[in-house]
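Please read the structure below before turning to the comments.
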Amino acid sequence: MSTLKAVRGTRDLLPSETALWNRIEATARAVFARYNFGEIRTPVFEDTALFARGVGEETDIVSKEMYTWEDRARAQSEKTQSLTLRPENTAGVVRAYIEHQLGETGQLQKLYYIGPQFRRERPQKGRYRQFSQIGAEVIGPTSAGSESPLRDAEVLEMLATLLDEMGITGWTLELNSVGSAADRARYNEALRAALAPVVDKMCVDCQRRAVTNPLRVLDCKVAADQPIIDTLPVISDSLDEASRVHFAAVTAALDAAGVAYTRNHRLVRGLDYYTRTTFEFTHGGLGAQNALLGGGRYDGLSEMLGGPRAPGIGFAMGEDRLVLTLQALEAAHAPKADAFIAPLGEGLNPAALALAKELRRAGLRVELGEGGFRLKKSFEAADKTARRIVIMGEDELQSGILTVKDFATGLQTKVPRAELAVFLSKPAGE
RNA sequence: GCGGCUAUAGUUCAGUGGCAGAACGCCUGUCUGUGGCACAGGAUGUCGAGGGUUCGAUCCCCUCUAGCCGCCCCA
């Protein structure tokens, strides 16, 4: 009989890894709080129509990557409903915004989320079928300033801060504007026209893209195609005046805030709802999946879902990819316990538990040994899991003065029990 | 969804058509209150799963599964 395993594209995160995940999430929550974002939690599955309308029927995500099923009808009269595990979270957030009439507050809504998303893709490094995204959305009625380029710049500045505080170095911000829906349609036509005479000289993928989705030709990585792509019209030439002014204001604010970016005329994002500002933060070392996060403005999404006009901007970062990047940067290290308590002899186990309780109450991370171990074994175990060992033998129990050895310095100290918690809360090596 | 590579001890990986190997890690002892070093000893595997060829398969063939890399796409 074969043993059961986690299904393809899913995985278990063991304590050696979850420490880093928690640190990333804690950093994100702290930064979001400073920018006055509040958390939203939407359901993991939604009506399939939400994604079909919100993300776009023609996108790969909707057309071939969703986990969709017909929910069973409970009565003869009840119709089945098509449900889908969320492949991304923006559509769900906007649905909630509409459903709870958050626009009626008249205030800008600043919402963040952290949670699993699901796409049925072929797994590889940095790409899983269940993956976690950390994202945020700024959305509201136009009167609340939701359309302002300052919002775009603020979100981008927040992301730069967030990555820095997580310890991710070496990222690049790539920025572009895809204009309004009308701009994009106009550009698509311009691209088609420009591609028509040259497409037969390009790679087979581009020949296909030229028909199905001309914007994708810009993403082509085939070296031989690059000279041709360089001759194609750029989207900035197709922007109307309003989009042009908007983008200029975004970059001006970024310059003022000292956020470095690269204008990437070829950055066109795959989801249908994006308008105007689009961006990606990328990082080397992630292989083919070099995008740490992506996002952009979606001024028409609420209306596409039947809601009021509610321009917005948001992003989603791949938490799994943040973890991979940090691990590669070796910024990740499993934290060691503050102390390992080593009772000498099983008879001292109860006293050791009492001491452990006392220290844990004081907020220390404590590993409790076992009196049956020889002291040598206690030392070996302690050295792997903690920064210091606290020896609790008969002498210590009688005198109330404990023996503490610091593994970093090798120094051994006698510490009165009453002062132990304070002593142990000092950084290791002091 | 497509193409390539891979799967052997806890981990990283050698290896052979005829009894399964190394390093590291782990356990024990030298050492009954002092770790990292050293020395001596020890345990561990359905050789990813299923089928086929063969006297005999971990090795050759097929199928499946999973991982990695690339494509597609994306976080």
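FYI, side chains are in, hydrogens and waters are out, and symmetry mates aren't considered; it's all heavy atoms of this structure. Here is the naming used below: chain letters follow the sequence lines, and residue numbers restart at 1 for every chain.
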Between [atom2] on [N] and [atom1] on [X], what's the gap in Å once rounded to a whole number?
{"X": "Leu411(A)", "N": "U34(B)", "atom1": "CG", "atom2": "P", "value": "18 Å"}
{"X": "Glu88(A)", "N": "C74(B)", "atom1": "CD", "atom2": "P", "value": "12 Å"}
{"X": "Arg11(A)", "N": "G67(B)", "atom1": "CZ", "atom2": "P", "value": "11 Å"}
{"X": "Glu380(A)", "N": "G36(B)", "atom1": "CD", "atom2": "C1'", "value": "9 Å"}
{"X": "Asn290(A)", "N": "G70(B)", "atom1": "CG", "atom2": "C1'", "value": "14 Å"}
{"X": "Lys377(A)", "N": "G29(B)", "atom1": "NZ", "atom2": "P", "value": "9 Å"}
{"X": "Leu267(A)", "N": "C74(B)", "atom1": "CG", "atom2": "C1'", "value": "12 Å"}
{"X": "Lys125(A)", "N": "C5(B)", "atom1": "NZ", "atom2": "C1'", "value": "16 Å"}

Regarding [X], tell me which of base, sugar-phosphate or nothing describes its non-hydrogen contacts under 4.0 Å with the strands shown.
{"X": "Glu396(A)", "answer": "base"}
{"X": "Asp383(A)", "answer": "base"}
{"X": "Arg120(A)", "answer": "sugar-phosphate"}
{"X": "Phe407(A)", "answer": "base"}
{"X": "Gly410(A)", "answer": "base"}
{"X": "Ser378(A)", "answer": "nothing"}
{"X": "Lys384(A)", "answer": "sugar-phosphate"}

Is there a donor on the side chain of Arg321(A) or the base of C74(B) sitting less than 3.5 Å from an acceptor on the other? yes
Give a yes or no on whether a donor-acceptor pair under 3.5 Å exists between the nucleobase atoms of A75(B), that is its base, and the side chain of Arg119(A). yes
Tell me whether the side-chain N/O atoms of [X] come closer than 4.0 Å to OP1 or OP2 in [N].
{"X": "Gln124(A)", "N": "G70(B)", "result": "yes"}
{"X": "Lys376(A)", "N": "U28(B)", "result": "no"}
{"X": "Arg8(A)", "N": "A66(B)", "result": "yes"}

Would you kindly check if the NZ (Lys) or CZ (Arg) of Lys377(A) is within the cone defined by 45 degrees around the ring axis of Phe373(A) and under 6.0 Å from the six-membered ring centre? yes
Of the listed nucleotides [options], the one nearest the side chain of [X]:
{"X": "Arg374(A)", "options": "C71(B), C73(B), U30(B)", "value": "U30(B)"}
{"X": "Lys64(A)", "options": "U34(B), C72(B), C69(B)", "value": "C72(B)"}
{"X": "Leu375(A)", "options": "U34(B), G35(B), C74(B)", "value": "U34(B)"}
{"X": "Arg122(A)", "options": "C74(B), C68(B), G35(B)", "value": "C68(B)"}
{"X": "Arg127(A)", "options": "C74(B), A75(B), U34(B)", "value": "A75(B)"}
{"X": "Ile391(A)", "options": "G33(B), G35(B), C71(B)", "value": "G33(B)"}

Pairing partner (Watson-Crick or G-U wobble, both distances under 3.5 angstrom) of [N]:
{"N": "U54(B)", "value": "none"}
{"N": "U34(B)", "value": "none"}
{"N": "C64(B)", "value": "G48(B)"}
{"N": "G3(B)", "value": "C69(B)"}
{"N": "G21(B)", "value": "C13(B)"}

Write down the distance separating the [atom1] atoms in [N] and [M], rounded off to the nearest Å.
{"N": "A20(B)", "M": "U16(B)", "atom1": "C1'", "result": "10 Å"}
{"N": "C61(B)", "M": "U53(B)", "atom1": "C1'", "result": "7 Å"}
{"N": "G3(B)", "M": "C60(B)", "atom1": "C1'", "result": "24 Å"}
{"N": "G67(B)", "M": "C55(B)", "atom1": "C1'", "result": "36 Å"}
{"N": "U58(B)", "M": "U6(B)", "atom1": "C1'", "result": "15 Å"}
{"N": "G45(B)", "M": "C5(B)", "atom1": "C1'", "result": "25 Å"}
{"N": "G70(B)", "M": "G18(B)", "atom1": "C1'", "result": "40 Å"}
{"N": "C73(B)", "M": "C64(B)", "atom1": "C1'", "result": "27 Å"}

State whether [X] and [Y] are salt-bridged, where the test is any N-O pair (Lys NZ or Arg NE/NH1/NH2 against Asp/Glu carboxylate O) under 4.0 Å.
{"X": "Glu367(A)", "Y": "Arg388(A)", "value": "no"}
{"X": "Asp320(A)", "Y": "Arg11(A)", "value": "yes"}
{"X": "Glu154(A)", "Y": "Arg151(A)", "value": "yes"}

Ring centroids only, cut at 6.0 angstrom: are Tyr112(A) and Phe37(A) within range, meaning strictly under it? no
When Gly318(A) and Gly9(A) are each assigned the nearest nucleotide of RNA chain B, the 5'-most assignment goes to Gly9(A)
Between Glu280(A) and Pro123(A), the residue closer to the 5' end of RNA chain B by nearest nucleotide is Pro123(A)
Would you sort out whether Glu174(A) and Arg263(A) count as a salt bridge (Lys or Arg N to Asp or Glu O under 4.0 Å), showing the intermediate values? CA-CA 6 Å; Glu174(A) 298 190 26; Arg263(A) 177 73 189 265; over 6 Å; no
Test log, rule side chain to side chain contact (heavy atoms under 4.5 Å, CB included), inputs Arg321(A) and Glu319(A): CA-CA 5 Å; Arg321(A) 292 181 185 178; Glu319(A) 193 174 2; over 6 Å; no
Please classify the glycosidic conformation of C61(B) as syn (within 90° of 0) or anti (everything else). anti
Let me see the working for Arg122(A) and Glu65(A) under salt bridge (Lys or Arg N to Asp or Glu O under 4.0 Å), right down to the final yes or no. CA-CA 10 Å; Arg122(A) 178 107 165 220; Glu65(A) 295 174 2; over 6 Å; no
For a quick check under 3.5 Å, do Gln327(A) and Glu17(A) share a side-chain donor-acceptor pair by atom type? yes
